[in-house]
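Here is the naming used below: chain letters follow the sequence lines, and residue numbers restart at 1 for every chain.
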2 protein chains.
Amino acid sequence: MNRIPGRMPTTPPTLADVAERAGVSRQTVSNAVNNPDLLRADTLMRVQEAISELGYLPNRAARNLRTRSSHLIGLRIQPVQEGTANATMDRFVHSLVETSREAGYHVLLFSGDVGDPLAGYDDLLRSTAVDAFVVTDTYLGNPQATWLDSRRAPFVAFGRPWDNPGATHAWVDVDGAAGCRLATDHLLDKGHERIAWIGWRKDSFIGEDRRSGWHGAMHARGLPTTGLASRVEDTVASGRSAAGVLLDEARPTAFVCASDTLAMGVLHTLHERGLRAGDDVAVVGFDDSQVAQVVRPGLSSVRQPLEEVAVEVVSALEGLLGHPRVAHRGVLLTPTLEVRDSSGPDRR
Amino acid sequence: MNRIPGRMPTTPPTLADVAERAGVSRQTVSNAVNNPDLLRADTLMRVQEAISELGYLPNRAARNLRTRSSHLIGLRIQPVQEGTANATMDRFVHSLVETSREAGYHVLLFSGDVGDPLAGYDDLLRSTAVDAFVVTDTYLGNPQATWLDSRRAPFVAFGRPWDNPGATHAWVDVDGAAGCRLATDHLLDKGHERIAWIGWRKDSFIGEDRRSGWHGAMHARGLPTTGLASRVEDTVASGRSAAGVLLDEARPTAFVCASDTLAMGVLHTLHERGLRAGDDVAVVGFDDSQVAQVVRPGLSSVRQPLEEVAVEVVSALEGLLGHPRVAHRGVLLTPTLEVRDSSGPDRR
DNA sequence: GCGCCGGGATGGATCGATCCAACGACGTAC
DNA sequence: GTACGTCGTTGGATCGATCCATCCCGGCGC
């Protein structure tokens, strides 16, 4: 509605221009924008008219300088992993951008060395370029948290402080164990009893958490797990060979995997052996990637509620940056299960 | 190296702090940062020491206000399309962030209504939040270009001005026709003669461009194309049914598709009919998505050189924003072909 | 009639880096 | 010894929005 037709003037109108046009002082215009209830109704109206006539919008730089805040949120992104099915970032980034916008923030992307988890944060912080960070790459501990804490930098982590349960910063995470329990129960309900696990190496906190979901679900029904688990790297090839070994040695009728990438490896092995995914051996992955959605047969997969994660993250940020500051404890969200053909039919 | 150990002071050091510590004036410090060659060697040294001792970095907001530039580049992102294999954005965004960083820019994400292609641009422009835009969503014409031009807003488009060949703005694009020619020639060289095309509806400029690559390659060898082409929506289901119809009516031995999503549809149909992708019928997709990389059999696919696109885009931006301004004509890059098992064996 | 009160509007100062015009020191030429 | 040019440096003004203390004016009580 406020869009101005025609050419942009050489220099955008300033608050002073609006003040002059409306016949009031600068402060009054500022109040009209930031504290409308301080003005008398008729004055407010007059100022607002001038604002929309000129197409005025506060200059960001000036406002940032004065208020010492940029309304920008820093998010570090890492290279796409080719050859895997990992795709949480894309979905999360979009949700975050959308939710941030509603809260009046924009997202500033920066890139980081894969080696140095702190690279990039420092400069943005010291140059007061962002108000806060969203830290996502916490798969192997979270040195960023400690460091950002020591710099008194506001931030919210997507991922629990695995390596430091006493940490007091705000975080949001998805309950991977619950997701894998969901997947495993789903298969158990279909009548499977020998359900194998293919997950990540032991140094991955997330991997062990997801594994515990499978493990817990099996034990809750008094079923054995010995020899049914494998821990490998997160690649299709690893999933493929792990599935081969498990099929030979443990004869599982179903697989639960820590990622869609690994699940794709399982599908490969099944096909090589002439086994039908779903009908002969059931498979469930994790992340509900595009791959899971378009592959044949459709890959059942645990889906993280990234939209909700973004909402919680932004709400935590608002608490951190608002006045007064509202402490935000950790939030744990529950994923859902997308059932597709790789789950197979009921076996009972 | 400049990273300060320990706690962040409550307020970061300013240029005046550095000046005082080094025993010089503010302007001298500013010169040390922006025009080092104006200072005498010993003065420069002294100032630089003070800078690193204090961990000084120019305040972004103040610099932005004074120089009337934010060193931010706006990029509008759209929701992930679930159920498709489309994944160019993710790779491109990362390349852009990385390349921008080297040029001293950061990337600001904003979201847009799918309906209104102009949403979001206006506010950022009027509030002087970004120096320029990178416009990507130009699949159906590019109203943004005309509009941004009229607002005198600097921008670079990833995508040709299809609907307005006379447009003078800077753009970078990937030669889709060349990519499809590459794919088709690849299959022709393997001995295929009846190669089918599955592409997008006629209103897509990009789709028609890619199609022309297939069409041209076929005609160059004197092969017929009649009845071998299908134009559908970009979904797996459409690709699947289009492949079915073509197999029944035209008996092709190979498919070239406008997207990996459509190619996945072809793979589905082949499997349903007991045909082996690669061995019986060859398939080539477009975009080299994660799906193409992890599916079985591996899907041959045309890969866009997004890293190069980012480099060209940033170089164009530097031209637009630099002094003096350097005009940047359109740049057309050539994609490559990733050959995988779905190409099948040599038939000769 | 005088003084007090309070919502509302006002001009000046401020945030921190950069631009500008002027100034000081030093060396050279006459 | 004085005039002049150059290089490096200096304080003040500036960008635009917001904070602060002040001021204005109508209404009310005594």
Between CG of A/Leu38 and C1' of C/dT10 the distance, given in whole Å, is 14 Å
Is any side-chain N or O of A/Ser25 closer than 4.0 Å to OP1 or OP2 of C/dT10? yes
When rounded to whole Å, the CG to C1' distance for the pair A/Asp42 and C/dG8 reads 11 Å
Using OP1 and OP2 only, check whether a side-chain N or O of A/Thr43 sits under 4.0 Å from C/dG8. no
Between NE2 of A/His71 and P of D/dT18 the distance, given in whole Å, is 10 Å
- Look only at the side chain of B/Arg126 and the backbone of A/Gly55, and say whether a donor-acceptor pair between them is shorter than 3.5 Å. yes
| query | Touch check for B/Val24, heavy atoms < 4.0 angstrom, all strands: base, sugar-phosphate only, or nothing? | reply | sugar-phosphate
Ion pair B/Asp17/B/Arg21, N-O distance below 4.0 Å:
no
When you measure from the side-chain N and O atoms of B/Thr14 to the phosphate of C/dC15, is any distance below 4.0 Å, counting only OP1 and OP2? no
Rounded to whole Å, the CG-C1' distance (A/Asn59 to C/dT14) equals 16 Å
#### Entry: Presence of salt bridge, B/Arg46 and B/Glu49, under 4.0 angstrom
no
Atom CG of B/Leu57 and atom P of C/dG16 are separated, to the nearest Å, by 14 Å
To the nearest angstrom, the CG-C1' distance between B/Asn35 and D/dG8 comes to 13 Å
Between the base of C/dT10 and the side chain of A/Arg26, is there any donor-acceptor pair under 3.5 Å?
no
inquiry  = If you compare every side-chain N and O of B/Thr67 against the phosphate oxygens of D/dC15 (OP1, OP2), does one of them come in below 4.0 Å?
reply    = no
Residue pair B/Arg66/B/Asn31 against DNA chain D: nearer the 5' end by closest nucleotide is B/Asn31
Would you say A/Tyr56 places a side-chain N or O within less than 4.0 Å of OP1 or OP2 belonging to D/dA17?
yes
Atom CZ of B/Arg40 and atom P of D/dT6 are separated, to the nearest Å, by 18 Å
Check your understanding: Do the ring planes of A/Tyr121 and A/Phe110 sit parallel (below 30°), tilted (30 to 60°) or perpendicular (above 60°)?
Key -> perpendicular
*Mind checking B/Asn34 for me? I need base, sugar-phosphate or nothing, with any heavy atom below 4.0 Å counting as a touch.*
sugar-phosphate
Quick one, B/Arg60 with A/Ser127, criterion side-chain hydrogen bond (donor to acceptor under 3.5 Å, both in side chains). Give me CA distance, side-chain angles, the key distance, then yes/no.
CA-CA 5 Å; B/Arg60 218 82 163 203; A/Ser127 63; 3.2 Å; yes
Report yes if at least one side-chain N or O of B/Ser30 is closer than 4.0 Å to OP1 or OP2 of C/dT18; otherwise report no. yes
Note: for B/Gln27 and B/Leu65 on DNA chain C, the residue whose nearest nucleotide lies more 5' is B/Leu65
hbond_proxy B/Arg68 side chain to D/dG16 base (donor-acceptor, 3.5 Å cutoff): no
| query | Taking only N and O in the side chain of A/Arg63, is any of them less than 4.0 Å away from OP1 or OP2 of D/dT18? | reply | yes
task = Compute the centroid of each ring, for B/Phe155 and then for B/His169, and state whether the two points are separated by less than 6.0 Å.
result = yes
B/Leu15 atom CG is separated from C/dC19 atom P, nearest whole Å, by 12 Å
